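Take a look at the structure below.
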Amino acid sequence: MSKQRKAVALISGGLDSLLAVRVMQEQGIYVEGINFFTGFCVEGHTHAIRKKDRNKPKRNNALWCAEQLGIKLHILDIIEEYKQVLFNPRYGYGANLNPCLDCKIFMVKKAKEWMEAHDFDLIITGEVIGQRPMSQRKDTMPVVQRDSGVTDRLLRPLCARNLPETLPEREGWVKRDGLYDFSGRTRKPQMALAKKFGFEDYAQPAGGCCFLTDKQYAVKLTDLWQSRGAREYELDDIMLLKVGRHIRPAPNYKLIVAREEGEGKFLQGYKRQYPQLRVISHGGPLTLVDGKLSADDLQLAARIVARYCQGKMEPEVEMEYIDTSGHVQPMKVVPLGPMDVKPEWML
Amino acid sequence: MPVIRVQDKVLQMHSGDVLEAVCTDPGALNDIPAWSRINGHEVLETRSEDDLYYVVVRIGDG
């Protein structure tokens with residue numbers, strides 16, 4: 001009896017990785033999944049759910065996929081290691097701060113380490129040639145294999161027939177004619193395959209899985225680095241960039257203004273790390289202050305926040321500035337006029 | 001991410017042990033049970049109170 005071959009799959013939570021695993025299962029391969037948590041993952045962001053997103057399933061799609069497939073999923077925290085990928089990408093960034101090719105190399109390399117540590121035989125991904133402009137091109141896919149060190153133990157079931165034979169095919173662990181030849185940005189072949197496998201509900205195949213591909217997010221991250229004079233961050237920094245309206249009226253401080261209740265609750269969790277501005281006399285957003293304020297800065301900051309409260313047209317609004325030790329400073333301010341909030345303050 | 005914290009904690013526990021996760025992230029109510037099911041653990045309770053989310057898990061053999 002031949003040995004049961006085992007594959008570790010990179011699971012993002014999208015349709016492609018779901019299908020890639022099922023293709024392998026159809027060929028009798030035992031599969032377990034790996035999902036990487038960089039801190040920039042869209043999938044992991046369920047903290048501050050906004051009203052516009054409340055109809056979306058409040059779930060981590062990587063876990064959901066694993067459950068649909070009946071496989072184990074290992075979520076690996078790579079927040080610290082990932083910093084070097086982001087700070088020094090050998091192959092550069094995409095349209096924003098997304099180091100997609102370096103990211104893929106790093107993740108495949110981590111998967112290789114996991115594969116070897118757990119006595120698995122191969123790695124699979126849901127990559128499709130031509131689907132992504134950096135990491136999923138015919139000329140960059142071999143770079144991933146080479147730089148990660150995985151060589152021909154990396155199998156891409158959805159486009160394998162467009163690529164040279166891999167070890168699992170040569171050794172007969174999988175049949176090449178049971179693999180696919182998808183290419184390009186069209187999603188129709190994937191949707192047809194999903195239908196064939198009976199998958200009706202899956203993560204919508206649009207948009208990225210990483211906030212680093214988002215233009216506004218990249219602007220905020222760049223601002224964070226500029227304000228600190230160094231390219232550094234902690235997890236809380238990058239989580240906060242996903243939430244609220246970010247306003248920098250001066251280089252020495254930034255305001256993070258909740259846009260609605262869900263975000264306010266999330267920001268409330270940072271009250272011991274950041275001072276807050278609260279509107280007392282009217283309904284208004286919770287605001288965190290990142291930076292050190294002079295007395296004049298505090299006045300301006302309070303007036304900006306008052307601009308976003310229900311009393312923005314009133315002659316005066318009562319507020320509180322609460323420092324991280326809980327000390328409360330009452331304030332009365334005139335809300336800024338609509339033309340006084342400068343566009344260049346908005347990140 | 002709560003599910004990573006739970007995953008790491010479970011590695012230090014034994015079959016039959018019970019873990020209560022107290023989370024601020026509402027996604028935990030879906031993610032921890034999903035993670036538990038695929039890894040062979042039993043979810044005993046999920047509830048939310050005062051903006052906190054509780055998931056109680058009995059560790060399985062996996």
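All of these numbers come straight from a predicted model, not from anything done at the bench. Chain letters run A, B, ... following the sequence lines, proteins first, then strands; residues in each count from 1.
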Is the backbone of B:Arg37 close enough, under 3.5 Å, to the side chain of A:Glu67 for a donor and an acceptor to pair up by distance? no
Exceeds 12 heavy-atom contacts within 6.0 angstrom, atom CD of A:Glu200: no
Considering all heavy atoms, the nearest B:Asp31-A:Asn60 contact: OD1-N, 2.9 Å
Verify the neighbour count for atom CZ of B:Arg58: are there more than 12 heavy atoms of other residues, nucleotides or ligands below 6.0 Å? no
Between CG on residue B:Asn30 and CG on residue A:Asn61, distance to nearest 0.5 Å: 10.5 Å
Is atom CZ of B:Arg47 surrounded by more than 12 heavy atoms (other residues, nucleotides or ligands) closer than 6.0 Å? yes
Heavy-atom distances under 4.5 Å only: say whether A:Ile71 touches chain B with side chain, backbone, both or neither. backbone
If I take atom CE from residue B:Met1 and atom CD1 from residue A:Ile75, how far apart are they, to the nearest 0.5 angstrom? 4.5 Å
A:Lys109, NZ: over 12 other non-hydrogen atoms inside 6.0 angstrom: no
The reported gap from CZ in A:Phe266 to CG in B:Asp25 (rounded to nearest 0.5 angstrom) is 8.5 Å
Smallest separation among heavy atoms of B:Trp35 and A:Leu73, with atom names: NE1-O, 3.9 Å
Does any part of the side chain of A:Lys72, heavy atoms only, come nearer than 4.5 Å to the side chain of B:Asn39, both counted from C-beta? yes
